[in-house]
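Just dropping this structure here.
Chain A is the first sequence line, chain B the second, and so forth, proteins listed ahead of strands; every chain is numbered from 1.
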There are 2 protein chains.
Amino acid sequence: MSDAFRTTVQKKLSNGDFDCTKEFTVSMFSGKHKLMILWILINDGDQGFAALMNKLNGVSKKVLSNQLKELIDDQIVNKSETITGNTKRTAYSLTEIGLTLVPIINMLNDWGKDRLAQVEITQKFNQVNQ
Amino acid sequence: MSDAFRTTVQKKLSNGDFDCTKEFTVSMFSGKHKLMILWILINDGDQGFAALMNKLNGVSKKVLSNQLKELIDDQIVNKSETITGNTKRTAYSLTEIGLTLVPIINMLNDWGKDRLAQVEITQKFNQVNQ
DNA sequence: CTGTATCCATTCGGATACTG
DNA sequence: CAGTATCCGAATGGATACAG
């Protein structure tokens, strides 16, 4: 899923058209890796840039950087930098607003799990009857 | 949002990788107009092609056609054709599986409404304090 | 009315090289 | 470690013309 949502929603909103509330919500996680980024922050806690790179398996730095920027822009994710001596440490974490997305993400996960289980059963059923 | 989700998720699934349950759910409505299509079917009941075109405001036939095809493919939407005499009537409706998305879509709508209200209040607050 | 076929512009994400 | 810059290919959506 690309981000036709985010751009379109932002245009609508800046034109005073607020009839896109559900699209607005989806635009929070419509980047290809955003859901997974949020999932990691929810389950594994705060993460540095490299840790996210590893856990995301196959994202380029540019893309990860962009998706994080948008999440920060949308106030879903917070970036903190702590400097100890001459080493800088970056950490990304969920904001309070980001935390309010957790029930939604869990619901998405549950629906997908149930649906995939259904599909699997159907496939087996069809195989048996072939 | 484009449909990087749908394609990616389908590839993962066909490779036996089922670790994308939430992405799978989002892929159900990741096309630019799918959420709105579902919203219309939920609130206004079954619709013909032309009715959807009108209510969607600015979609091209090709795009609408594609998004409907994918929704049908995902078993979220059903297409029925009734022929009376020599006139054919097409109607799109939600399937039983499609109906199970309703709570999710309502949740998305609620979150967006609340969040936009927050943002609006914040903006007014900032204006007052300028 | 309900689409399909073609062409085109834009956007998004991936690979790679470079920087502090 | 944490990015930015550049170039590129693929995918999406829009406009328009044509068809059953």
Hey, what do you get for CH2 (B:Trp39) to CG (B:Asn109), rounding to the nearest 0.5 Å?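 Rounded to the nearest 0.5 Å, the CH2-CG separation comes to 3.5 Å.
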Taken to the nearest whole Å, CE/B:Met53 to P/C:dT4 is 13 Å
| Between A:Asn57 (CG) and C:dG13 (P), how many Å, whole number? |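 For the pair A:Asn57 CG and C:dG13 P, the rounded distance is 17 Å.
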Report task. Mind calculating the distance between CD (B:Gln67) and P (C:dT4) to the nearest angstrom? Result ->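 After rounding, the gap between these two atoms is 14 Å.
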- Point-to-point distance, once rounded to the nearest 0.5 Å, from CZ of A:Arg115 to CD1 of B:Ile97: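 Reported value, rounded in 0.5 Å steps: 3.5 Å.
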Between P on D:dG3 and CG on A:Leu64, what's the gap in Å once rounded to a whole number?
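To the nearest whole Å, that distance equals 9 Å.
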In 5'-to-3' order, the base (B), backbone-only (S) or no-contact (-) status of each nucleotide in nucleotides 15-20 of chain D, using a 4.0 angstrom heavy-atom cut-off, is B-----
Can you confirm whether A:Asn57 is buried at CG, in the sense that more than 12 heavy atoms of other residues, nucleotides or ligands lie under 6.0 Å from that atom? no
Ranking D:dC1, C:dG3, D:dG14 by distance to the side chain of B:Lys32, first place goes to D:dG14
A:Phe49 CZ to C:dT19 C1', in whole Å, measures 14 Å
If only side-chain N and O atoms of B:Lys11 are considered, is one of them under 4.0 Å from the OP1 or OP2 phosphate oxygen of D:dA11?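 Answer no for this pair, as no side-chain N or O of B:Lys11 is under 4.0 Å from OP1 or OP2.
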In this structure, CD1 of A:Ile76 is separated from OG1 of A:Thr95 (nearest 0.5 Å) by 5.5 Å
Considering all heavy atoms, the nearest A:Leu41-A:Ser93 contact: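 Distance-wise, the nearest heavy atoms are CD1-C, 4.2 Å.
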Does OP1 or OP2 of C:dC12 have a side-chain N or O of A:Thr7 closer than 4.0 Å?
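Answer is yes, contact under 4.0 Å.
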### Query
Please give, in whole Å, the distance from D:dA2 C1' to A:Leu68 CG?
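Taking CG of A:Leu68 and C1' of D:dA2, I get 11 Å after rounding.
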Quickly work out the B:Lys69 NZ to C:dA5 P distance and round it to whole Å.
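Interatomic distance, NZ of B:Lys69 to P of C:dA5: 7 Å.
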**Prompt:** Thinking salt bridges, do B:Lys12 and B:Glu23 make one under a 4.0 Å N-O criterion?
**Reply:**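 Answer for the salt bridge query: no.
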Rounded to the nearest 0.5 angstrom, the CG-CG distance for A:Asn78 and A:Leu68 is 11.5 Å
Side-chain atoms of B:Val63 come closest, of C:dG3, D:dC1, D:dG14, to D:dG14
In this structure, how many angstroms lie between the P atom of C:dA15 and the CG atom of A:Asn66, rounded?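 Interatomic distance, CG of A:Asn66 to P of C:dA15: 15 Å.
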